[in-house]
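See below for the structure under consideration.
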Amino acid sequence: MERKVRVRFAPSPTGPLHIGGVRTALYNYLFAKKHGGDFILRIEDTDQKRFVPGAEDYINESLAWLGISPDEGVRQGGEFAPYRQSERMSMYKQYADQLVTSGYAYYAFDTTEDLEEMRAKLEAARMPAKYDASSRMSMKNSLSMSEDEVSKRLENGDPYVIRIKLPRKEEVRFHDEVRGWVVVHSSQMDDKVLIKQDGLPTYHLANVVDDHIMQISHVIRGEEWLPSAPLHVLLYRYLGWEETMPKLAHLSLLLKPDGKGKLSKRDGDRLGFPVFPLEWKDPKTQEISSGYRESGYLPEAVINMLALLGWHPSDNQEIFSLEELVQAFSLEKVSKSGAKFDADKAKWFNNRYLQAMDNSELSTLIRPLLAAKGWEAEDEYLTNVVAMVKEKVNFAPEILEVSEYFFVAPTSYDEKTVKKKWKGDTPAMIKELADDFDTIALFTADVVQESFSKFVESKGVSPGSLMQPLRLSVSGMAGGPPIFEMLELLGKDVVVSRMRTANESIPSPE
């Protein structure tokens, strides 16, 4: 019987969730849903020294905003709860003890000074400064000591760690679903600590134990964990779990836009784009880092953009719904090389989704921004404004930036247009045109355009010579949506009032 697909995203709550981590979560989610499996969120908080308050909630809220919903997790619960490693501490020591009993691990009583001395000697001899098959017999551990001495130290409560005992000369081979066969010689590895002096497990042991207990079928994670994979393979073997070991897939890095190095947490604000899904305020420094949500990105656009950073569909399709991504995704199409982040492409994706978004849905999205400015508008009016200006913007908040005149009268007028178009006879014609508009009973775009055409014809001037002064007097701006549709939406009273105000406010040309 084929094993059920179960994958996990296992971040550490040490700060905000990097967009590279979001991509890892997304690929796990897509793979699970493609194969009818489960997507698990596990919080790996064994390193309490690096724990940051609020980080776990941030992770959950980020995934919720993006629509990557875990089937099991801290908030969702599940058959294999708890899903927070700090609440699972009692279960790890037994597996470390099992490894010691079976000869695959050992007690090490070395002090910090002992370790520093060992490293100094090895470095002086131009040898790798690591605790391994070559150096361990010169150290204070249960391999170099007699059984009586080890027993006495344990009875006395001497501090110790438990280290894995790696073979001296052995090739560790495993198949990576992205990279193919990976071969590492044990001489390049070291005897990693599995249980720390405080009795808590290191990432390596906790990770393997939890994946086994939670019946994880595939481990899809960033390539920064690739060097640890051979150790994990050996732990599965030594614990007797090799037959059920998850398949491994290590994803390439997200790179800086110039391709030179990993996209870091500092790069975003430095280069002018977010690297976090949500805005983050550092609890210690109070420093604020921008987020995709607060920058006006739509979650669907972020998902689509991230999916294509390292995964290539069979055809040239670029716009995918989440369901379409589920159907199309495969690990075989994931690239081995790093993907350069493209801020302009991210904006392009957002623009595509913004343009396709229902106008009433988009108006609901920006209504809180409208309220924050103290502006008011009926639902239908706001929806019509959105429909009229959204093609000019990439982000929802920009809608209000380019449409301010739909909600408040202009208090200034574009200087270049005034200088270029506000000629000697312009004030008089704007005043007379306002009087004409004031007589229109049905103030629709067609009727207003007809009235305007008759007016310029009667004055013997070109429509173009008066079109921009008209727009300027009503909006204060040089450009915008189709002018007669704009005038209809503003309404006769507003249009006529603003034309007369502009006539009085804009200085007469010399």
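No experiment lies behind these values; they were computed from the predicted model shown.
Proximity of the aromatic rings of His212 and Tyr236 is defined here by a centroid distance below 6.0 angstrom, and this criterion is not met. Checked against the 6.0 Å centroid threshold, Trp241 and Tyr95 count as a close aromatic pair. Here Tyr292 and Phe276 keep their ring centres 6.0 angstrom or further from each other. Under the 6.0 Å cut-off for aromatic ring centres, Trp65 and Tyr58 do not qualify, their centroids lying 6.0 Å or more apart. The distance between the ring centers of Phe320 and Trp311 falls below 6.0 angstrom.
A donor and an acceptor atom, one from each side chain of Asp210 and Tyr83, are nowhere located under 3.5 Å apart. Inspection of the Gln286 and Lys281 side chains reveals an N or O donor paired with an N or O acceptor under 3.5 Å. Looking only at atom types and distance, the side chain of Glu323 has a donor-acceptor partner in the side chain of Gln327 under 3.5 Å away. Between the side chains of Ser151 and Asp148, no donor N or O sits under 3.5 Å from an acceptor N or O. Side-chain atoms of Thr383 and Asn359 include no donor-acceptor pair closer than 3.5 Å. Side-chain contact of Thr202 with His204: a donor-acceptor pair under 3.5 Å is absent, judged by distance alone. A donor atom on one side chain and an acceptor atom on the other are not found under 3.5 Å apart for Asn141 and Tyr107. The closest side-chain donor-acceptor pair between Ser337 and Ser335 falls under 3.5 angstrom.
Between Asn394 and Leu354, the closest side-chain pair of non-hydrogen atoms is not below 4.5 Å. Annotation: side chain of Arg42 is in contact with side chain of Asn207 (closest heavy-atom distance under 4.5 Å). At a threshold of 4.5 Å between non-hydrogen side-chain atoms, the residues Arg84 and Glu56 count as touching. In this structure, Leu263 and Leu253 have side chains that are not in contact, with every pair of non-hydrogen atoms separated by 4.5 Å or more. The closest side-chain heavy-atom distance from Leu254 to Ile19 is below 4.5 Å. Using a 4.5 Å cut-off on side-chain heavy atoms (C-beta onward), Leu255 and Phe341 make no contact. Two residues are said to be in side-chain contact when any heavy atoms from C-beta on lie closer than 4.5 Å; Ile213 and Met91 meet this criterion. Side chains of Arg237 and Val233 form a contact here, defined as non-hydrogen atoms less than 4.5 Å apart.
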### Task
Give the C-alpha distance, both sets of side-chain angles, the deciding distance and a yes or no for salt bridge (charged side-chain N to carboxylate O under 4.0 Å, His left out) between Asp132 and Lys130.
CA-CA 6 Å; Asp132 62 4; Lys130 54 194 175 88; 3.0 Å; yes

### Task
Apply side-chain hydrogen bond (donor to acceptor under 3.5 Å, both in side chains) to Arg179 and His250, showing your working.
CA-CA 7 Å; Arg179 298 160 191 277; His250 291 88; 5.4 Å; no

### Query
Could you walk me through whether Asp191 and Tyr106 pass the side-chain hydrogen bond (donor to acceptor under 3.5 Å, both in side chains) check?
CA-CA 10 Å; Asp191 291 358; Tyr106 57 93; 2.7 Å; yes

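A salt bridge links Arg6 with Glu72: the distance from a Lys NZ or Arg NE/NH1/NH2 to an Asp or Glu carboxylate oxygen falls below 4.0 Å. Ion pairing between Lys140 and Asp114 holds under the 4.0 Å rule for side-chain N and carboxylate O. Ion pairing between a basic and an acidic side chain is recognised when a charged N comes within 4.0 Å of a carboxylate O; Lys336 and Asp176 show no such pairing. We find that Lys347 and Asp342 are not joined by a salt bridge, their nearest charged nitrogen and carboxylate oxygen being 4.0 Å or further apart. Salt bridge present: Glu318 and Lys345 bring a charged side-chain N and a carboxylate O closer than 4.0 Å. A salt bridge links Lys121 with Glu117: the closest approach of a Lys/Arg side-chain nitrogen to an acidic carboxylate oxygen falls below 4.0 angstrom. Asp97 and Lys93 are joined by a salt bridge, as a carboxylate oxygen and a charged side-chain nitrogen come within less than 4.0 angstrom of each other. For the pair Lys340 and Asp258, the salt-bridge criterion is not met [side-chain N within less than 4.0 Å of a carboxylate O]. Ion pairing between a basic and an acidic side chain is recognised when a charged N comes within 4.0 Å of a carboxylate O; Lys333 and Glu177 show no such pairing.
Remark: Arg163 is positioned above the aromatic ring of Tyr131, its terminal NZ or CZ atom under 6.0 angstrom from the ring centre and at most 45 degrees off the axis.
In this structure, Phe329 and Tyr27 have tilted ring planes: the angle between them lies in the 30° to 60° band.
Shown are Val193, Asp190, Leu231; of these, the side-chain contact (heavy atoms from CB on, under 4.5 Å) with Ile164 is made only by Leu231.
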